[in-house]
Structure formats: C-alpha cells, structure tokens
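Working notes, structure below.
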Amino acid sequence: MNLPPRVTERAFERLAEIGAADNGKALRIAVEGGGCSGFQYEIALDEPKDDDLVLEGKGQKVVVDEISLPFLENATIDFTQELIGARFVINNPNATSSCGCGTSFSM
C-alpha cells in the first residue's frame, strides 16, 4: 500500500505564519533528478495544479505533483528552526543516503 507523505503541525503553522494561503499559494514539494546524491528536493511556494496531491491543515496546503509522489511515499514534511537557520525538511524513509545539507538523496 502506497502511503502519501505526511505534513507536521509545525510545517502547517509555519505556512500560516508566512501567509501562504492568504496569497493563494501552497508549499510545493517536488523531486527532480540532480544534486550530489542523484535526486534533489525542490521546495517552493506555488499555486496548486489540478493533478497535484493536496495535503491540508490549519487552512494551509502542501502539494505534490504525481511524478514526485512515488519518491515521497510515507515521507514526513516538517519545519525546523536551528542555529544555522530555519527551513522545511523532508524525512524520507525511501532515501538510502543523502547529502549533508539534506536537499539531495539517492534511492
């Protein structure tokens, strides 16, 4: 059974703080070829498209296109704030390795 990605409350709260939905935007999570490990995450504010999987919470949306969806099966999308900065992060159980910055991975 393919499980869609999960979005944490913290990630939805951050989207609400930056007013994403107020501007008609959602957090887009995509997987593309490239990066130092083979695949890389693209994370951006974007408008939802008709064929996107839409994950909703706290009045906010996170969208994933159908091509990226298999790469994000059972992943967790979160927001973290550390001394080095704040960012959205993806905990992907499908990744066999990832780079130090966490934006690229291999399967």
Taking salt bridge (charged side-chain N to carboxylate O under 4.0 Å, His left out) as the test, write out the residues that go with E82, two or more places apart. none

Under the rule for side chain to side chain donor-acceptor pair (under 3.5 Å), what residues qualify as partners of E66, not counting sequence neighbours? none

Identify, with sequence neighbours excluded, every residue that meets side-chain contact (heavy atoms from CB on, under 4.5 Å) alongside A30. E42, D65, S68

Heavy-atom nearest pair, Q40 first then G33, reads NE2-O, 4.1 Å

Might you confirm whether atom NZ of K61 has over 12 heavy atoms from other residues, nucleotides or ligands at distances under 6.0 Å? no

Could you tell me whether L45 atom CG has more than 12 heavy atoms of other residues or ligands within 6.0 Å of it? yes

Determine, step by step, whether T80 and F88 satisfy the side-chain contact (heavy atoms from CB on, under 4.5 Å) criterion, reporting the C-alpha distance in whole Å, the side-chain angles of both residues, the deciding distance to 0.1 Å, and the verdict. CA-CA 6 Å; T80 183; F88 288 98; over 6 Å; no

Reported CD-to-CZ distance for the pair Q81 and R87, which is rounded to 0.5 angstrom: 12.5 Å

Applying side chain to side chain donor-acceptor pair (under 3.5 Å), can you list everything that pairs with N74, at least two apart in sequence or on another chain? none

For E56, enumerate each residue passing the salt bridge (charged side-chain N to carboxylate O under 4.0 Å, His left out) test, keeping only those at least two apart in sequence or located in another chain. none

Sequence neighbours left out, what passes side-chain contact (heavy atoms from CB on, under 4.5 Å) with L69? Give chain and number order. P5, L53, V64

Excluding V89, membership of its hydrophobic cluster (Ile, Leu, Val, Met, Phe, Trp, Tyr; side-chain heavy atoms within less than 4.5 Å) reads none

Once side-chain contact (heavy atoms from CB on, under 4.5 Å) is applied, do any residues pair with E9, and if so which ones, sequence neighbours excluded? E13, K58

Working to the nearest 0.5 angstrom, can you tell me the gap between I18 CD1 and F79 CZ? 8.0 Å

Could you state the interatomic distance from CD (E32) to CD1 (I67), rounded to the nearest 0.5 Å? 10.0 Å

First locate atom CD1 of I29, then atom CD1 of I43, and finally report the distance between them rounded to the nearest 0.5 Å. 4.5 Å

Rest of the hydrophobic cluster containing V54 (Ile/Leu/Val/Met/Phe/Trp/Tyr, side-chain heavy atoms under 4.5 Å)? V63

Spacing of L3 atom CG and L72 atom CG [to the nearest 0.5 Å]: 12.5 Å

Test side-chain hydrogen bond (donor to acceptor under 3.5 Å, both in side chains) on T76 and N91; report intermediate values, then the result. CA-CA 5 Å; T76 301; N91 179 4; 5.1 Å; no

Please report the shortest heavy-atom distance between P70 and N94, naming the atom on each side. O-ND2, 4.5 Å

Return the set of residues passing side-chain contact (heavy atoms from CB on, under 4.5 Å) with E17 (not counting sequence neighbours), or none when no residue passes. R14

dist L27:CG -> F12:CZ (nearest 0.5 Å) comes out at 9.0 Å

Might you point out which heavy atoms bring P48 and A26 nearest each other, and give the distance in Å? CG-CB, 4.0 Å

Taking the side chain as everything from C-beta on, heavy atoms only, tell me whether V62 gets closer than 4.5 Å to I77. yes

Under the side chain to side chain donor-acceptor pair (under 3.5 Å) rule, collect the residues that match up with R6, sequence neighbours excluded. none

Of the non-hydrogen atoms in F71 and N92, which two are nearest, and what is the gap between them? O-ND2, 2.9 Å

Please enumerate all residues that pass side chain to side chain donor-acceptor pair (under 3.5 Å) together with D46, with sequence neighbours excluded. R28, K49

Would you name the heavy atoms of A21 and Q60 that are closest together and state the gap between them? N-OE1, 3.2 Å

